Amino acid sequence: MDFSFDNSFQREMAGFYAPAEAASFPAPELLAFNHALAQRLGLDCGQADAEALARIFSGQQLAEGAAPLALAYAGHQFGHFSPQLGDGRALLLGEVVAPDGARFDIQLKGSGPTVFSRNGDGKAAIGPVLREYLVSEAMAALGVPTTRSLAAVATGARVLRERAHPGAVLTRVASSHIRVGTFQFFAAHFGAEHVVRLSEYSIRRHFPDLADAPNPHLALLDRVIDRQCDLVAHWLAVGFVHGVMNTDNVAISGEAIDYGPCAFIDRFAANSVFSSIDANGRYAYGRQPQIMHWNMARFAEALLPAIHAVAPEDVEAAKALVDAIPDRFAARWRDRMRAKLGLTQAEADDAALIDALFGAMEEHGVDFTLFFRALSALLRGERAPLESLLPRPDAMAGWLGDWQARLAREGDTPGVRAAMMDGVNPLYIPRNHRLEAALASAETGNLAPWLELLDVVRAPWAERAGWEEYARPAPPDFGPYMTFCGT
Ligand code: AMP
Ligand code: MG
């Protein structure tokens with residue numbers, strides 16, 4: 001298999017990583033391989049059979065040109081600074097350049113201990129690996145910027161968590177693995193010169209148009225804030241809860257990364273939390289914009305030495321960028337919500353209409369995903385889908401009247417609007433009860449439900465005959481739903 005690796009981080013960033021090596025595994029077996037993604041990356045897997053892929057994507061056979069590294073990073077975890085994290089159970093195999101010129105990291109996750117493992121075993125269990133694979137692919141299908149999943153390989157070894165599980169390795173593809181925590185690590189331990197180097201590398205790699213800005217580090221802050229506002233607005237718009245928005249889990253590329261205790265909301269509640277370790281709801285659905293703001297303030301702090309080195313007076317400009325995040329986010333959020341509601345023009349009262357909607361959805365406990373599809377059905381003259389979600393048929397009559405009055409002030413026909421809405425409001429998401437059932441089945445050796453769910457979430461928009469069950473909310477006896485970071 002030919003990756004044609006071109007390892008810029010290894011070449012240009014000596015001192016920012018440590019060499020790493022995969023553990024040896026008794027019986028690697030390919031669980032899934034993402035051929036479409038391999039093609040997008042321009043990987044030539046022509047001759048590679050499942051056995052060869054299993055060896056390569058569990059780190060047992062090193063592809064030509066690979067230079068396995070573990071990256072150093074720090075991070076605020078649940079608000080507390082951990083000065084030393086780093087890739088404790090992952091290694092960067094190398095970088096590939098796709099036919100369109102885009103550069104990607106190929107990373108093995110769960111590949112064994114590294115110098116950053118602290119007390120961890122460096123391994124991953126099959127459940128979290130297949131969860132990350134499926135949810136990241138669902139997010140990609142939804143158009144959310146995200147890391148992707150190229151392969152999942154069972155290792156044949158057991159991994160001990162609260163009990164023993166089959167072990168697995170995930171191959172993750174990211175436009176880079178540089179995190180806010182990467183900046184924090186070098187700011188905390190090394191100071192301005194290293195932060196400048198990391199910032200310059202990040203700009204070359206992700207945002208080359210910023211290289212000529214008067215203060216490129218300030219421009220980087222501005223751009224990363226922009227991407228994070230977009231990302232979190234997109235999460236909220238699809239009902240996604242990341243679950244562990246620590247600064248080490250925030251990629252500066254603006255891709256969603258590190259799918260641990262994540263989940264999609266079913267019955268809407270702004271305080272939804274699915275992570276077993278998030279007892280205080282720090283990373284609840286509705287808190288994600290504030291946490292993103294907080295994380296960007298930490299990013300600004302880490303970048304300050306570099307910003308200051310170019311122009312001391314720009315420190316004030318950095319502060320102003322951070323202070324402006326709530327407004328910037330709110331504008332992105334309103335744009336996304338307008339699209340979900342079939343609105344194309346901005347009006348002054350839109351924020352009030354959106355707030356009222358969320359209040360009503362919460363009051364009536366409606367299914368977040370199905371509600372927006374029910375609105376488009378309503379525009380087509382079908383009331384039944386909406387009524388099936390409400391406790392009584394007229395439960396949201398007030399809000400619906402306001403929305404329809406608002407729609408009437410715009411031009412398109414209801415049919416055109418309904419089609420637009422169905423292009424941004426998914427019908428199929430990784431429903432928690434389906435995902436849990438699929439993972440439980442995979443753990444006992446039957447991958448069929450997981451593979452079928454993967455097919456479904458890769459085609460989230462158009463209704464398909466035979467997939468009716470995948471669009472149904474969880475049965476009433478399911479939940480409260482908890483996911484475990486026990487990755
Ligand atoms: P996460 O909660 O997955 O974002 O991981 C936080 C930190 O813990 C990172 O530095 C990981 O590399 C490290 N880590 C998580 N699980 C393990 C493990 N099983 N072995 C070693 N390090 C781990
Ligand atoms: Mg992480």
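Note that the numbering runs from 1 along the sequence shown for the chain. In each ligand, atom 1 is the first atom listed, and ligand 1 is the first ligand listed. Note that the structure is a prediction, hence the values are computed from the model and not measured.
- Close contacts of ligand 1 with D258, meaning ligand atoms under 4.0 Å from a residue heavy atom, involve 4 (O).
- Rounding to 10 degrees, one finds that the Mg ion (ligand 2) sits at the corner of an angle of 80° between N249 OD1 and D258 OD2.
- Of all the listed residues (R89, R161, R118), R89 holds the heavy atom that lies closest to atom 17 (C) of ligand 1.
- Across the listed options G88, A124, S82, G88 owns the non-hydrogen atom lying nearest to atom 12 (O) of ligand 1.
- A donor atom on one side chain and an acceptor atom on the other are found under 3.5 Å apart for Q184 and H76.
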*Could you give me the CA-CA distance, side-chain angles and deciding distance for F16 and H194, then say whether ring pair (Phe, Tyr, Trp, His ring centres under 6.0 Å) is met?*
CA-CA 9 Å; F16 286 69; H194 277 69; 5.3 Å; yes
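- Within the 4.0 Å heavy-atom criterion, the part of K123 lying near ligand 1 is the backbone and not the side chain.
- Closest heavy-atom approach to atom 4 (O) of ligand 1 among the candidates D121, V244, T114, N249: N249.
- Residue-ligand proximity, D248 to ligand 1, at heavy-atom distances under 4.0 Å covers atoms 4 (O), 6 (C).
- One finds a salt bridge joining E95 and R205 here, because a Lys/Arg side-chain nitrogen approaches an Asp/Glu carboxylate oxygen to under 4.0 Å.
- Of the options E137, E443, E436, a salt bridge (charged side-chain N to carboxylate O under 4.0 Å, His left out) to R131 is made by E436 and by none of the others.
- Here's the thing with Q77: none of its N/O atoms is less than 3.5 angstrom from an N/O atom of ligand 1.
- Residue contacts to the Mg ion (ligand 2): D248 brings no N, O or S atom closer than 2.8 Å.
- Residue F116 does not touch ligand 1, judged by heavy-atom distances below 4.0 Å.
- Atoms of ligand 1 found under 4.0 Å from any heavy atom of L85, numbered from 1 in the order shown, are 10 (O).
- On a distance-only criterion, G122 and ligand 1 share at least one N/O pair closer than 3.5 Å.
- Using modelled atom types and a 3.5 Å distance limit, the side chains of S176 and S253 yield no donor-acceptor pair.
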Check step by step if side-chain hydrogen bond (donor to acceptor under 3.5 Å, both in side chains) holds for T146 and S136. CA-CA 7 Å; T146 178; S136 63; 5.2 Å; no
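- Under a 4.0 Å N-O distance rule, the pair R332/D230 qualifies as a salt bridge.
- The two residues I252 and F207 come nearest to each other via the heavy atoms O-CZ, 3.7 Å.
- Taking backbone and side-chain atoms together, N246 has no N/O/S atom less than 2.8 Å away from the Mg ion (ligand 2).
- On a distance-only criterion, G86 and ligand 1 share at least one N/O pair closer than 3.5 Å.
- The residue K109 has no part lying near ligand 1, judged by heavy-atom distances below 4.0 Å.
- Donor-acceptor pairing under 3.5 Å is lacking for the side chains of Y259 and T147.
- Between W235 and Y283, the gap from one ring centroid to the other reaches at least 6.0 Å.
- With a heavy-atom cut-off of 4.0 Å, N246 does not touch ligand 1 at all.
- Residue D87 has no N or O atom closer than 3.5 Å to an N or O atom of ligand 1.
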Could you check R172 against D105 for salt bridge (charged side-chain N to carboxylate O under 4.0 Å, His left out), going step by step and ending with a plain yes or no? CA-CA 8 Å; R172 175 160 76 182; D105 278 4; over 6 Å; no
